[in-house]
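Quick notes on the structure that follows.
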Amino acid sequence: MIKAKQSKSLAYPARIAKGRDGRWLVRFPGLPEALTDGTTLSEAMDEARDCLNEALMSRIVDGEPVPQPAPVRRGERLIAPDATVARAMR
């Protein structure tokens, strides 16, 4: 569970890959329920942030544990939740 002192950086690593159909697929290894895609990389990144926000808020509302962001690995990108979601995590 994330504590206020530990929440300086709330960016979660995301794996982004181009699918066979040409769409960009995004998944968050630490949040298996958070999957999304986009027709362009830019759209996929926007959708990824929305997806991350929804996954985190769903866990908060349901009283489920919110995992700490894992260290970023090679080939992953960091995506941060909106400020309102970050505040709700404290």
Could you go through Arg49 and Asp82, starting from their C-alpha distance and side-chain angles, then the distance that decides it, and tell me whether this counts as side-chain contact (heavy atoms from CB on, under 4.5 Å)? CA-CA 8 Å; Arg49 187 169 185 176; Asp82 290 337; 2.8 Å; yes
Enclosure of Glu54 CD (heavy-atom neighbours >12, cutoff 6.0 Å): no
Restricting to non-hydrogen atoms, name the atom on Pro69 and the atom on Ala11 that form the minimum distance, rounded to 0.1 Å. CB-O, 3.1 Å
Run the side-chain contact (heavy atoms from CB on, under 4.5 Å) test on Trp24 and Leu41 for me, step by step, so that the C-alpha distance in whole Å, both residues' side-chain angles and the decisive distance to 0.1 Å come before the verdict. CA-CA 6 Å; Trp24 290 91; Leu41 180 57; 4.0 Å; yes
Any chance you could measure Phe28, atom CZ, to Cys51, atom SG, to the nearest 0.5 Å? 6.0 Å
Quick check on the hydrophobic clustering: are Leu25 and Ile16 connected, directly or via other members, by side-chain heavy-atom contacts under 4.5 Å? no
Between the main-chain N or O of Arg15 and the side-chain N or O of Arg27, is there a donor-acceptor pair closer than 3.5 Å? no
For a side-chain contact (heavy atoms from CB on, under 4.5 Å) check, start with the C-alpha distance between Ile79 and Met45, then their side-chain angles and the critical distance, and finish with the verdict. CA-CA 8 Å; Ile79 299 178; Met45 294 297 288; 4.1 Å; yes
Check: Tyr12 side chain, Leu31 main-chain N or O, donor-acceptor pair, under 3.5 Å: no
Can Val66 and Leu56 be said to form a side-chain contact (heavy atoms from CB on, under 4.5 Å), step by step? CA-CA 7 Å; Val66 177; Leu56 293 172; 3.7 Å; yes
Over all atoms of both residues, closest heavy-atom pair of Pro67 and Arg59: CD-NH1, 3.4 Å
Could you tell me whether a side-chain N or O of Glu76 sits under 3.5 Å from a main-chain N or O of Val72, the two making a donor and an acceptor? no
Could you see if Ile60 belongs to whatever hydrophobic cluster contains Leu10? Use Ile, Leu, Val, Met, Phe, Trp, Tyr and a side-chain cutoff under 4.5 Å. yes
If we ignore hydrogens and angles and just use 3.5 Å, is the side chain of Asp21 paired with the main-chain N or O of Arg23 as donor and acceptor? yes
Please name the pair of heavy atoms, one in Pro71 and one in Pro13, separated by the smallest distance, quoted to 0.1 Å. O-CG, 4.1 Å
